[in-house]
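Written out below as structure tokens is the structure these notes cover.
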Amino acid sequence: MSVSEKIQTQLAIMSELCRLLKKENTLLQDQRQDECKDLLEQKEKLSFAYADGFKAITKNKENFAELSDQQKGVLRKAAMTLKMLTDENKRLLEINKDAINRLLNAMKKDVEEQSQQTPLYNADGAIVGDSGHPVALSYNSVH
């Protein structure tokens, strides 16, 4: 495969990766994280293909000498776009992770506070009677 063909393949991979990151970033911004799960496998495959292609191209420094200024410019612009989208993706993923952690911590704190206020439950969530001994509960249902 010629250097130009390797560059074209790499540009196609970068383009697809950019398209996927734009889609994921939009989903994250719209609070549609559940839809991002479907993109993870594709994103991983494209990321590995990008890394492998980059290694193949940069293995031989003369590869870049063979490129025209236009090809170098296109490659540089694609790399900048990919970096911008990757940085945005990282930022959005961190924001979502922090929001989930805050929610889980708030739920944990609420459960802990409720368990301290409710005499039937100990700190572990086990049901106890007035004397601190376990009690039996029953549930009757009318059909």
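- With hydrophobic clusters built from ILVMFWY side chains whose heavy atoms lie under 4.5 angstrom apart, Leu93 does not share a cluster with Leu20.
- Note on Glu94 versus Lys97: no salt bridge recorded, every NZ/NE/NH1/NH2 to OD/OE distance being 4.0 Å or above.
- Separation of atoms NZ (Lys77) and CG (Leu11) is listed at 12.0 Å; rounding is to 0.5 Å.
- When all heavy atoms of Gln10 and Ile57 are compared, the closest pair comes out as CB-CD1, 3.7 Å.
- Under a 3.5 Å cut-off, the side chain of Asn96 and the backbone N or O of Leu92 do form a donor-acceptor pair.
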Residues Asp87, Lys83; criterion salt bridge (Lys or Arg N to Asp or Glu O under 4.0 Å); working and verdict: CA-CA 6 Å; Asp87 290 347; Lys83 180 180 178 351; 2.8 Å; yes
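- Heavy-atom minimum distance, Ser4 versus Gln71: OG-NE2, 3.0 Å.
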Residue pair Leu27, Gln33: steps toward the side-chain contact (heavy atoms from CB on, under 4.5 Å) verdict: CA-CA 6 Å; Leu27 291 171; Gln33 297 86 343; over 6 Å; no
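- Contact detail for Asn25 and Glu88: the closest heavy-atom pair is ND2-CG, 3.6 Å.
- How far CG of Leu28 is from CG of Leu39: 9.0 Å, rounded to the nearest 0.5 Å.
- One finds the CG atom of Leu21 at 10.5 Å from the OG1 atom of Thr26 (value rounded to the nearest 0.5 Å).
- In terms of hydrophobic clustering, with Ile, Leu, Val, Met, Phe, Trp and Tyr side chains grouped at heavy-atom distances under 4.5 Å, Phe54 and Leu75 are assigned to a common cluster.
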side-chain contact (heavy atoms from CB on, under 4.5 Å) between Leu104 and Lys108, intermediate numbers included: CA-CA 6 Å; Leu104 290 174; Lys108 178 183 172 190; over 6 Å; no
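- Ion pairing between a basic and an acidic side chain is recognised when a charged N comes within 4.0 Å of a carboxylate O; Asp98 and Arg102 show no such pairing.
- In this structure, CD in Gln70 is found 11.0 Å from CG in Leu67, a value given to the nearest 0.5 Å.
- In this structure, the separation between SG on Cys36 and CG on Asp34 is 8.0 Å, given to the nearest 0.5 Å.
- Pairs engaging residues 43-58 under the side chain to side chain donor-acceptor pair (under 3.5 Å) rule: Glu24-Lys43, Glu41-Lys45, Lys43-Asn89 [sequence neighbours left out].
- Taking CG of Leu17 as the start and OG1 of Thr86 as the end, the distance is 6.0 Å to the nearest 0.5 Å.
- Heavy atoms of other residues, nucleotides or ligands lying less than 6.0 angstrom from NZ of Lys22 number 12 at most.
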